[in-house]
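First up is the structure itself, then whatever we jot down about it.
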Amino acid sequence: EAQVTQNPRYLITVTGKKLTVTCSQNMNHEYMSWYRQDPGLGLRQIYYSMNVEVTDKGDVPEGYKVSRKEKRNFPLILESPSPNQTSLYFCASSLGSGRALHEQYFGPGTRLTVT
Amino acid sequence: DQQVKQNSPSLSVQEGRISILNCDYTNSMFDYFLWYKKYPAEGPTFLISISSIKDKNEDGRFTVFLNKSAKHLSLHIVPSQPGDSAVYFCAASDPGMRFGAGTRLTVKP
């Protein structure tokens with residue numbers, strides 16, 4: 001089954017404790033992206049990657065890191081989480097060319113709480 | 001500064017009637033516009049898109065209209081069905097993606 005998977009689905013952590021949220025897709029997609037969803041703000045793009053070893057900042061990259069060492073994986077790293085990073089996070093992927101670039105498949109979401 | 005705005009947080013329509021969801025944007029460099037649908041506890045799913053060089057795209061019950069001079073797009077759902085009840089996000093690409101805050105559509109039987 002074609003899908004985007006994220007782990008963990010739920011995470012409660014404390015300020016300053018480094019964490020990684022994994023994202024994996026099995027559709028051989030070139031484009032991958034991370035978003036956070038907050039009430040009243042919709043989805044905001046954190047980082048995106050057009051291909052392996054190519055990453056670009058979205059609108060809210062501060063406090064996050066990403067890497068794209070292989071096509072199927074795009075982990076999101078919070079080196080020192082803070083309470084304002086409490087949010088619902090989505091990973092997405094797409095074929096990455098032409099019109100198909102924009103038709104993104106989303107994972108189920110990771111709800112992160114930082115206390 | 002939100003470049004994509006959905007000014008109606010909610011919309012309620014009767015089954016069988018037309019649903020019209022609206023979206024405004026500020027960046028004239030956007031090259032694609034999209035609508036996504038989201039059910040609770042799930043990720044968004046792609047619904048329909050339109051290139052900036054077109055003014056209309058149709059897919060079954062869903063039609064998206066783009067008015068570049070007004071920097072406005074809309075999604076029409078005809079006829080509306082109870083299963084269409086969800087949050088709808090408008091998005092624009094350059095190629096980073098920018099989403100609106102969403103409109104919760106409720107279709108009443």
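Just so we're on the same page: letters track the sequence lines, and every chain starts at 1.
Contact annotation for B:Phe33: neither backbone nor side-chain heavy atoms come within less than 4.5 Å of a heavy atom of chain A. At a 4.5 Å heavy-atom cutoff, the contact between A:Arg9 and chain B is made by side-chain atoms alone. Heavy atoms closer than 4.5 Å to chain A are found nowhere in B:Ala91, neither backbone nor side chain. Proximity to chain B (any heavy atom under 4.5 Å) is restricted, for A:Tyr35, to the side chain, taken from C-beta onward. No part of A:Gln6 comes within reach of chain B, as not one of its non-hydrogen atoms sits under 4.5 angstrom from that chain.
Rounded to the nearest 0.5 angstrom, B:Phe99 CZ and A:Leu41 CG are separated by 13.5 Å. If you take CZ on A:Arg44 and CZ on B:Arg98, they are separated by 12.5 Å, rounding to the nearest 0.5 Å. The CD atom of A:Glu103 lies 10.0 Å from the CD1 atom of B:Ile48; values are rounded to the nearest 0.5 Å. The distance from atom CD of A:Gln104 to atom CE of B:Met97, rounded to the nearest 0.5 Å, is 4.5 Å.
Cluster membership for A:Leu43 and A:Tyr47, using ILVMFWY side-chain heavy atoms within less than 4.5 angstrom, is not shared. In the hydrophobic clustering of ILVMFWY residues, with side-chain heavy atoms under 4.5 Å counting as a link, B:Val4 and B:Leu73 come out together. Under the 4.5 Å side-chain heavy-atom criterion for Ile, Leu, Val, Met, Phe, Trp and Tyr, A:Leu76 and A:Leu88 are members of distinct hydrophobic clusters. Neither B:Tyr88 nor B:Ile20 shares a network with the other; the hydrophobic side chains, linked directly or stepwise wherever heavy atoms of I, L, V, M, F, W or Y lie under 4.5 Å apart, form separate groups for each. Each of A:Val66 and A:Tyr105 belongs to its own hydrophobic cluster when Ile, Leu, Val, Met, Phe, Trp and Tyr are linked at side-chain heavy-atom distances under 4.5 angstrom.
Of all heavy-atom pairs between B:Ala101 and A:Gly40, the closest is CB-O, 3.4 Å.
The aromatic ring centres of A:Phe106 and B:Phe46 sit 6.0 Å or more apart.
The neighbour count for A:Ile12 CD1, taken as heavy atoms of other residues, nucleotides or ligands under 6.0 Å away, does not exceed 12. Within a 6.0 Å radius of CZ in B:Arg61, other residues, nucleotides and ligands contribute more than 12 heavy atoms.
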